[in-house]
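All chains are named by letter (A, B, ...) in the order of the sequence lines, taking the proteins before the strands, and each is independently numbered beginning at 1. As a basis for the values below, the full set of heavy atoms in this structure was taken, side chains included, without hydrogen atoms, waters or symmetry mates. All figures in this text were calculated on a predicted structure; none of them were measured in a lab.
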There are 2 protein chains.
Amino acid sequence: MKIATYNVNGINSRLPVLLKWLQNAEPDIVCLQELKAPQEKFPIDEINKAGYEAIWHGQKQWNGIAILSKGFEMTEVQRSLPGNEDDNQSRYLEVIIDQIVICCLYLPNGNPYPGPKFDYKMEWIKHFKKRTKQLIDMDLPAILIGDFNIIPTEKDVYKPERWKDDALFQPEVRKAYSQLLKNGWTDAIRTLFPEETIYTFWDYLYKAYDRNAGIRLDHILLSPYLRSQLMRGGVDKEVRGWPKSSDHAPVWVELDRK
Amino acid sequence: MKIATYNVNGINSRLPVLLKWLQNAEPDIVCLQELKAPQEKFPIDEINKAGYEAIWHGQKQWNGIAILSKGFEMTEVQRSLPGNEDDNQSRYLEVIIDQIVICCLYLPNGNPYPGPKFDYKMEWIKHFKKRTKQLIDMDLPAILIGDFNIIPTEKDVYKPERWKDDALFQPEVRKAYSQLLKNGWTDAIRTLFPEETIYTFWDYLYKAYDRNAGIRLDHILLSPYLRSQLMRGGVDKEVRGWPKSSDHAPVWVELDRK
DNA sequence: GCCGTAGTTG
DNA sequence: CAACTACGGC
């Protein structure tokens, strides 16, 4: 089973690129972030035509997440972070597919640091950690997947010193990420490629992609039960070079579900 | 030699449509109006890639004209209407190609009538007529080509009575046009098709194109010397039906230059 | 740079 | 209906 995440930066502007990538990559499950479209403007007809069912949670101008599935039945569990239901930003969607709890997230960016947006990020992380703790405690097969807006380590950024004041690279944010790993979650991509330079985001500005001036923000974390099923994974980096692409690239893993 | 005019209504928004049309129609010379782009945002690289050289006169938000040439050398003569150089609107460009003086124009719309914008239109026409008179007096091979924003006769509009109060159809404007013909200029399209209903513009609103509720605004006028060289001509009406099209269609003639 | 939003013009 | 100006967000 191939599971992917892709921050599309506008589902409707990105539709041709998304459909082309779906056809090439043939993922079974896809978690999307930054739809930037209200609920009623999600292009469900074209997604269906490509062979995917979808559950999505849109929002007028920003945020918005979706989960696509080809051939696997989906059951919606949550459309906001439990304990954070009064959050008016669409950033969390949880479904069960093939007995796996799939948590699609678009964690707040938090810039500028410091400030109220960063405080909101830390508050969101607090609720998120509570949820991930529950999933671990219940020994469920689960995946945390999406745009974490966290650069985990200095390996995951082209010039660490330039990101010292950025909300994506603050020690308390990176600590929250490393605690997830300590609690039993496995960073699938880093596990498969322990030493490689791997980025998932390149800014639109300053020809960042041409210079490979990227950062790693999009992650796939596996619960202990699923770790042994991890077969392959990667970043579809070339997609970032296509015309009219998102500033993120798709990230994927293949699990051996037997 | 095939010479065309096309009011693109935004050169950068129209680029895919323009390139597709250039490839299909293969004109040698193209006069463009309503670039709606400043000088530095003209997409010269893509135009070059399509095989055309270009001279253009951009303007920040409105107006803007260009002349493209494939395989014929161009010499710029004027980039504003002589006698009207302090006009700050980019509406006139004159070049010599293959010994023909080509006058690309985007005549002011003039709405609402009456008012200062209509006065500006009449003032512009006054300067324009002076220039056309000079060209006739000098017996030069010349073409007046572009968006005249003039509906010449009742034949050239789907419902004349609805345009009685419009600046495009005022008697004094139509008179200026008929005087050009009297002075020796030949309306190429009307000469080729004396009785047909021919439109070059259909409003974006109210499904005007589907209803063929159009008007004829884009004209190609030949000096006496060139009249005998007129072989063919037409309106590429289907282009108006393409996705993301301009509200105008391209108009073209073929001259036998021997 | 490239998304979206709203308002203005034709 | 589809250009434009702006602005906010990342």
How many whole angstroms separate atom CH2 of B/W242 from atom P of D/dC1? 22 Å
DNA chain C nearest-nucleotide lookup for A/L205 and A/I11: closer to the 5′ end is A/L205
Consider the side chain of A/Y204, meaning its heavy atoms from C-beta on, and name the nucleotide among C/dG1, C/dG10, C/dC3 that approaches it most closely. C/dG1
A/D247 or A/K60, whichever maps to the more 5' nucleotide of DNA chain C: A/D247
Interatomic distance, B/Y206 OH vs D/dC1 P [rounded to whole Å]: 10 Å
Provide, to the nearest angstrom, the distance between the CD atom belonging to A/E34 and the C1' atom belonging to C/dC2. 11 Å
Could you tell me if A/R174 sits above the aromatic ring of A/F169, with its cationic atom closer than 6.0 Å to the ring centre and no more than 45 degrees from the axis? yes
Minimum heavy-atom separation for B/A37 to B/N12, with atom names? CB-ND2, 3.9 Å
Round to the nearest Å and state the distance from B/N12 atom CG to C/dC2 atom P. 12 Å
Quick check on contacts: within residues 108-124 of chain A, what sits under 4.0 Å from DNA chain D by heavy-atom distance? A/N109, A/K117
Out of curiosity, B/L19 CG to B/I47 CD1, how far, rounded to the nearest 0.5 Å? 6.0 Å
How long is the line joining CD of B/Q61 and P of D/dA2, in whole Å? 19 Å
Return the nearest nucleotide to the side chain of A/P38; candidates are C/dC2, D/dC10, C/dT5. C/dT5
Should the pair B/W163 and B/Y158 be assigned to parallel (<30°), tilted (30 to 60°) or perpendicular (>60°) ring geometry? perpendicular
Protein-nucleotide distance (A/W163, atom CH2; D/dC10, atom P), rounded to Å: 13 Å
Using a cut-off of 4.0 Å on non-hydrogen atoms, how would the nucleic acid contact of B/K36 be classed: base, sugar-phosphate, or nothing? sugar-phosphate
For A/R79, is there an ion pair with A/E76 - N to carboxylate O distance below 4.0 angstrom? yes
Could you state the atom-to-atom distance from CH2 of B/W62 to C1' of D/dA2 in whole Å? 15 Å
Got B/Q33 and B/C31 here, is their nearest side-chain heavy-atom distance under 4.5 Å? yes
Does A/E123 pair with A/K117 as a salt bridge, N-O distance under 4.0 Å? no
Here the distance between atom C1' of D/dA3 and atom CG of B/L15, to the nearest Å, is 15 Å
Of the options D/dC10, D/dA3, C/dC3, whose atoms approach the side-chain atoms of B/R14 most closely? D/dA3
Is there a side-chain polar atom (N or O) of B/S246 under 4.0 Å from OP1 or OP2 of D/dA3? no
Can you tell me which nucleotide in C/dC3, D/dC10, C/dG4 comes closest to the side chain of A/Y106? D/dC10
